[in-house]
Amino acid sequence: MKRKGINTTHIILASFLAVILLGSLLLYLPVSAAEGVRVSYTDALFTATTSTCVTGLVTLPTFSTWSPFGQAVILVLIQVGGLGVITVMAGLMLLLNRRMGLGDRLLLQDSFNLNSMSGLVRFVKRVVKGTFIIEGVGALLYMTVFVPQFGARGVWISVFTAVSAFCNAGIDLLGTNSLADYAFNPVVNTVTVLLIVLGGLGYIVWWDVVRVVKLRRRQGRKMFGSLTLHSKIAIVATLALIIGGAVLVFAFEKDNPATMANCTVWQKIQLSLFQSVTTRTAGFFTVAQENLRVPTATLCLVLMFIGGSPVGTAGGVKTVTFAVLIMTAVASLRGKDGIELFGRRLKPQAVNKAVAVTCMSFFIMLASTVALSAVCGGDALDILYETVSATATVGLTRGITPLLNTAGKLIITVTMYLGRVGPISLASAFVLKREGEQLIQNPTEEISVG
């Protein structure tokens, strides 16, 4: 690999691309389409990409376009994309009792963007096991609603929705209205929100919370104070964004006749909370996005761009990245040299990675917006909503995805791929140690900034 200039970052990029291409070929088969439906390869490629990248933007209705086989292919792609291709490969190796070599462990470390290989095999086992348990519980709870309504087909709908919600994909088999018909159903609403949050919170936070709960039982320690810095930042940022987003959505939309004006206060709270949560890269909706007012849509753009937490199923630049950037700005304004959070000092490398990931995501979004505007035209806010949604792998749209021409579909396809693997690969590249690093540094010189 070294002789050929191939590193783990290249393998991660290639693995996602290979799964997308394989998925597109399977979806292009006649057996994948519903009876009487013919799907172009462009739409098959778009669907494979949005599934593997757990985005949720669709050019064709999932429930009526694809046969049971096609829907099964989409579900597998969502699961593979949510867990990560490398994680799935590692899980299969462990299932077959194959020993993982150093190269396999390096791949896993970079795919999860971890700083150490210590306990990596155990971590993968817990991730896979935990994922299936949570998705299984979610599916069982969904069945209490969907089986009485759809009969035996409700089992398949429940499993599909649970996997899609946990993986933050936002693809469903319920129709063109997503979860709008279940906006006030307590089971569907609560289960979906919990699955989205758990998937987006990140696996590292899961096991850290479990560790702290065990410590509290044994030693009586305070839970929050015993968490790692990463978990503290992820949990606080997640709660702040969800609650703050819900409050602002409520304030902006409470008297909007196209969304919430005719709802009770409790119903408005449910709609506001779901909208705030789903912008964390889930893609389901209970309110038509094109009906949102401009301030609300602008707020959603910010929430979508931030996304969920690292080492989870969500996209975006991530909550921890956003928190690091905010604290960097605060430290700079206060004239401090370092950044401190919860009594801990951050390493400069963390700031560098946060800046790099954010800049790359912003560049992908900007280039996609310009390109899509050039080939499709239309309302600027609708186009920006589409490209931010694709870059952050959210899946929310203001109604223009089915209207995209071939060039527009290809642009969004590339954007979803880059949005899913770009920030991850860039972060991994920062972790890798390059040979031949410069030992001689150039002299420094002051510049004017701002």
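Hydrogens, waters and symmetry mates play no part in the numbers below; they use all other heavy atoms, side chains included. Since the structure is predicted, the reported quantities are computational estimates derived from the model, not experimental observations.
Rounded to the nearest 0.5 Å, atoms NZ (Lys347) and CD1 (Ile339) are 14.0 Å apart. To the nearest 0.5 Å, atom OG1 of residue Thr238 and atom CD1 of residue Ile233 are 11.0 Å apart. To the nearest 0.5 angstrom, Asn177 atom CG is 10.0 Å from Leu174 atom CG. Rounding to the nearest 0.5 Å places CD of Glu386 at 10.0 Å from CG of Leu396. Considering CD1 of Ile171 and OG1 of Thr50, their distance stands at 5.0 Å, rounded to 0.5 Å. Note that OG1 of Thr228 and CH2 of Trp207 are 14.5 Å apart. Values are rounded to the nearest 0.5 Å.
Contact annotation: the side chain of Val58 never approaches that of Thr401 to less than 4.5 Å [non-hydrogen atoms, C-beta and beyond]. Counting only heavy atoms from C-beta outward, the side chains of Val39 and Leu27 never approach each other to under 4.5 Å. Two residues are said to be in side-chain contact when any heavy atoms from C-beta on lie closer than 4.5 Å; His230 and Ile204 meet this criterion. For the pair Tyr203 and Leu83, the minimum side-chain heavy-atom distance is below 4.5 Å. Using a 4.5 Å cut-off on side-chain heavy atoms (C-beta onward), Pro348 and Val351 make no contact. The shortest distance between side-chain heavy atoms of Ile74 and Phe160 falls below 4.5 Å. Side chains of Cys53 and Ile20 form a contact here, defined as non-hydrogen atoms less than 4.5 Å apart. Cys300 has its side chain within reach of Leu292: a pair of non-hydrogen atoms, C-beta onward, lies under 4.5 Å apart.
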Pair Ser309-Thr319, side-chain hydrogen bond (donor to acceptor under 3.5 Å, both in side chains): steps then yes or no: CA-CA 5 Å; Ser309 299; Thr319 53; 2.8 Å; yes
Derivation and outcome, side-chain contact (heavy atoms from CB on, under 4.5 Å), residues Glu290 and Tyr385: CA-CA 10 Å; Glu290 58 269 28; Tyr385 211 87; over 6 Å; no
Candidate pair Thr52 and Tyr417, rule side-chain hydrogen bond (donor to acceptor under 3.5 Å, both in side chains), full reasoning: CA-CA 9 Å; Thr52 308; Tyr417 172 73; over 6 Å; no
Pair Arg420-Val54, side-chain contact (heavy atoms from CB on, under 4.5 Å): steps then yes or no: CA-CA 8 Å; Arg420 181 68 175 92; Val54 289; 3.9 Å; yes
side-chain contact (heavy atoms from CB on, under 4.5 Å) assessment of Leu229 paired with Leu346: CA-CA 9 Å; Leu229 178 60; Leu346 297 183; 3.5 Å; yes
Candidate pair Tyr182 and Phe146, rule ring-ring contact (aromatic ring centres under 6.0 Å, His included), full reasoning: CA-CA 11 Å; Tyr182 304 90; Phe146 295 141; 5.4 Å; yes
Full working for side-chain contact (heavy atoms from CB on, under 4.5 Å) between Lys254 and Thr259: CA-CA 8 Å; Lys254 65 180 185 301; Thr259 56; over 6 Å; no
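Defined by atom type and a distance below 3.5 Å, a donor-acceptor pair is missing between the side-chain atoms of Asp172 and Thr161. Thr358 and Ser361 share no side-chain donor-acceptor pair at under 3.5 Å. There is a side-chain donor-acceptor pair under 3.5 Å between Asn168 and Thr281. Counted by atom type alone, Thr393 and Thr55 present zero donor-acceptor pairs between their side chains at under 3.5 Å. Gln275 and Glu253 share no side-chain donor-acceptor pair at under 3.5 Å. Between the side chains of Thr387 and Thr369, at least one donor-acceptor pair of N or O atoms lies under 3.5 Å.
Sequence neighbours left out, the pairs with a member in residues 358-385 that pass salt bridge (charged side-chain N to carboxylate O under 4.0 Å, His left out) are Asp382-Arg398. Applying the salt bridge (charged side-chain N to carboxylate O under 4.0 Å, His left out) test to pairs two or more places apart or on separate chains, those with a residue in residues 401-414 are Asp43-Lys409.
Between Phe362 and Phe305, the ring-plane angle classifies as perpendicular under the 30° and 60° cut-offs. Under the 30°/60° scheme for interplanar angles, the aromatic rings of Tyr28 and Tyr41 are found to stand perpendicular.
A donor-acceptor pair under 3.5 Å is absent between the side-chain atoms of Gln79 and the main chain of Val76, judged by distance alone.
Considering every non-hydrogen atom in both Phe285 and Thr176, the closest pair reads CZ-O, 3.8 Å. Across all their heavy atoms, Leu271 and Cys263 have their closest contact at CD1-SG, 3.9 Å. Nearest heavy-atom pair, Ala314 versus Gly308, reported as atom, atom and distance to 0.1 Å: CB-CA, 3.6 Å. Residues Pro310 and Lys318 share a closest heavy-atom pair of N-CD, 3.7 Å. Minimum heavy-atom separation, Ala165 to Tyr142: CB-OH, 4.1 Å. Between Leu173 and Trp156, the shortest heavy-atom distance links the atoms CD1-NE1, 3.3 Å.
Between Asp255 and Arg293, at least one side-chain nitrogen of the basic residue sits less than 4.0 Å from a carboxylate oxygen of the acidic one, meeting the salt-bridge criterion.
Qualifying salt bridge (charged side-chain N to carboxylate O under 4.0 Å, His left out) partners for Asp181, counting only residues two or more places apart in sequence or in other chains: none.
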